[in-house]
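The structure under discussion appears below in the form of structure tokens.
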Number of protein chains: 2
Amino acid sequence: MWRSCKFSGMTSSSPTVRPAPGRLRVAVPSVAERVAAELRRQLAEGTLLPGTRLTESTIAEDLGVSRNTVREAFAELASERLVVRLPNRGVFVANLDAGDIHDVYTVRRAIEVSAVRGGGSAEDIAAVRAAVEEGKRAAEAGDDEALGTANQHFHGAIVAMAGSPRLNSIMGQVLAEMRLYFHKATMDADFYRHYLPDNEAICAALESGELDRAASLLLAYLDRSEDNLSDVHGAGAG
Amino acid sequence: MWRSCKFSGMTSSSPTVRPAPGRLRVAVPSVAERVAAELRRQLAEGTLLPGTRLTESTIAEDLGVSRNTVREAFAELASERLVVRLPNRGVFVANLDAGDIHDVYTVRRAIEVSAVRGGGSAEDIAAVRAAVEEGKRAAEAGDDEALGTANQHFHGAIVAMAGSPRLNSIMGQVLAEMRLYFHKATMDADFYRHYLPDNEAICAALESGELDRAASLLLAYLDRSEDNLSDVHGAGAG
DNA sequence: AATCGAAGGATCGTTGAACAATTTGAATTT
DNA sequence: AAATTCAAATTGTTCAACGATCCTTCGATT
């Protein structure tokens, strides 16, 4: 269940290292952050499925870090709702139910529509366009994985138009939650393929400055997407 | 700077306590959570001002907990953006700048407007009304503190209309960030008083089902509020 | 005299071990 | 079959230690 993936060992102290004199150090992530990143990666990848229990000591050993550090990583992931902490019982990979999915879409409707209504710079819109084309290429190549990724890029680019670090961060978390759900639900191979025309239409509306139109297209898209996903859920899970 | 406020001591073990047989225990918050709550309280109250450094060992001693526990609490507060962690330098109370304020308002515009557009149940709207009246009473009583609180209740009730746990949580964090800023900026005693008519108008529009009108009133309110706050900032801080 | 660089001290980051409290599941009893 | 007891496993929390890093001070150099 746990592939042994100690990441790059943390420092052997060579005697005379000058610690990069200038003020511009690259801010090496702490061990706790790296553990969180590693777990996040496995969650996104589907190695860790919803409901899986994450035992502190096991993860500590597997990653070669102390329990306390794992704990800090858990706190981070819990704040992102990727894992759930049951007091005295342990940490479990979040298992989204129908209500969560609806809630996630409520958040997406709020911030994506708002971002579209506010419009964006030429570069922002170019990034949206790039995601649309990325999706088309993935569809032609028949790469479903890449298609899903492109779709997330599309919606990420939509939110990025607002130029808000906080909205970007929220969107990132929400997309991570959705990824979690996707691994649980078995869905059509071309689940995303249906949305390519929507993405194209929304992007076109943005490019021609029809913000209101883009917003209503997006809203309709999100509603439909939520419906489809709920159907999948009904079929795929108990 | 730190009032000694060890919270209720954590358990002396009496020999034969039966641990409340049933499954319905009240989920006592962990020590880390209580530390986070205590710090959050002091941040909201203004005891801890923006820029203040929070030293692990000091807080650990003051609250009578271990450094590791304080660390977990810091992680929680950092995820809420109430404190900022500078690697190897320490944890500081977040010090919002003009960009942060703008960003916070971007988030508020997104989620508050969206919530209003979606409308709410009779109870939801009644809660909004209650917050409006709470504000009126505070204004009459000349209680500025209560006025600010009522205003936050008003906007909290707006978002609560969406019935989304995630949006509520986001709004809670955003309001906490604003409170942080308010303690730093010295503003007119009746800063909020100007907004009472706006709140009333928005609430009235909601009650009569004019959702679009309520949404545009709210949007205008938020824009004006952001402007006012930016002015205060320009005057009050360097 | 101003600048640069080398000690010193303080604090953070992380570890490892320890122990109490709690949950869980199995064995035992009624 | 239901209830009770008991032991094992895991979490929650503390404590002590140590290297790494930052900040300050002090002294040497140009």
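Lettering of chains follows the sequences in order, A, B, ..., and the numbering in each one begins at 1. Bear in mind that the values here come from a model prediction, so they are computed numbers and not experimental data.
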Check: Quick one: is T69(A) getting a side-chain N or O under 4.0 Å of the dG13(C) phosphate, OP1 or OP2?
Finding: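 Answer is no, no contact under 4.0 Å.
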Notebook entry, point to check: Taking OP1 and OP2 of dC23(D), is either one under 4.0 Å from a side-chain nitrogen or oxygen of R89(B)?
Noted result: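 True: R89(B) side-chain N/O within range (under 4.0 Å) of dC23(D) OP1/OP2.
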Which whole-number value in Å describes the distance from [X] [atom1] to [N] [atom2]?
{"X": "R34(A)", "N": "dG13(C)", "atom1": "CZ", "atom2": "P", "answer": "13 Å"}
{"X": "L86(A)", "N": "dT23(C)", "atom1": "CG", "atom2": "C1'", "answer": "11 Å"}
{"X": "R53(B)", "N": "dC22(D)", "atom1": "CZ", "atom2": "P", "answer": "12 Å"}
{"X": "E56(B)", "N": "dA16(D)", "atom1": "CD", "atom2": "C1'", "answer": "15 Å"}
{"X": "E61(A)", "N": "dT10(D)", "atom1": "CD", "atom2": "P", "answer": "10 Å"}
{"X": "E72(B)", "N": "dT14(D)", "atom1": "CD", "atom2": "C1'", "answer": "12 Å"}
{"X": "F74(A)", "N": "dT10(D)", "atom1": "CZ", "atom2": "P", "answer": "13 Å"}
{"X": "R67(A)", "N": "dT11(D)", "atom1": "CZ", "atom2": "P", "answer": "7 Å"}

Check: Can a salt bridge be assigned to the pair R166(A) and D100(B) using a cut-off of 4.0 Å between side-chain N and carboxylate O?
Finding: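 Yes.
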Note to self: Judged by each residue's nearest nucleotide on DNA chain C, which is more toward the 5′ side, T55(B) or V70(A)?
What the structure shows: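 This one resolves to T55(B).
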Next item on the list: Tell me which of N68(A) and N88(A) sits closer to the 5' end of DNA chain C, going by the nucleotide each one is nearest to.
Entry: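 Closer to the 5' end of DNA chain C: N68(A).
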Note to self: What I'd like to find out is whether the side chain of V174(B) reaches to under 4.5 Å of the side chain of R108(B), using heavy atoms alone.
What the structure shows: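 Yes, side chains in contact.
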Notebook entry, point to check: Does some side-chain heavy atom of F182(B) sit less than 4.5 Å from a side-chain heavy atom of E177(B)?
Noted result: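 Not touching, per the 4.5 Å side-chain cut-off.
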Note to self: Aromatic contact between H155(B) and Y195(B), with the criterion being ring centroids under 6.0 Å apart: yes or no?
What the structure shows: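 When the ring centroids of H155(B) and Y195(B) are compared, they turn out to be at least 6.0 Å apart.
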